[in-house]
Amino acid sequence: MYNFRVYTLRDGSKRIIKLKERESFQQELQRAGIQETQIFQMQLVEKPEYF
């Protein structure tokens, strides 16, 4: 199983990022290309390996 974080931004768009082990929240946001102030909602999702 893989863990993903789904970011819903204030403009209504979504960004989905596969989580990496030992990565800080700020590094994750940098990889997603967003700033913390743009986030409306965050959700942790678990998907199977074959997804």
Cluster check Ile16, Ile34: I/L/V/M/F/W/Y, side chain < 4.5 angstrom: no
Say you draw a straight line from CE of Met1 to NZ of Lys47; how long is it, rounded to the nearest 0.5 Å? 10.0 Å
Does the side chain of Tyr2 reach to within under 4.5 Å of the side chain of Glu46, using non-hydrogen atoms? no
To the nearest 0.5 Å, what is the distance between CD on Glu36 and CG on Leu29? 6.0 Å
Between CZ of Arg22 and NZ of Lys20, what distance do you get to the nearest 0.5 Å? 14.5 Å
Atom CZ of Phe40 and atom OG1 of Thr8: how far apart are they, to the nearest 0.5 Å? 8.0 Å
Residue pairs meeting salt bridge (charged side-chain N to carboxylate O under 4.0 Å, His left out), one or both in residues 6-15, sequence neighbours left out, come to none
Taking the side chain as everything from C-beta on, heavy atoms only, tell me whether Asn3 gets closer than 4.5 Å to Leu44. yes
So, the side chain of Arg31 versus the backbone of Ile17: is there a donor-acceptor pair under 3.5 Å, distance only? no
So CZ of Phe25 and CD of Gln30: to nearest 0.5 Å the spacing works out to 12.5 Å
Atom pair CZ (Arg5) and CD (Gln43), whose distance is rounded to the nearest 0.5 Å: 11.0 Å
Do Phe4 and Leu19 have side chains that approach each other closer than 4.5 Å (heavy atoms only, starting at C-beta)? no
Check side-chain hydrogen bond (donor to acceptor under 3.5 Å, both in side chains) between Gln38 and all other residues, then give those that pass, not counting sequence neighbours. none
Looking at residues at least two apart in the chain, or sitting in another chain, which of them share a side-chain hydrogen bond (donor to acceptor under 3.5 Å, both in side chains) with Gln27? Ser24
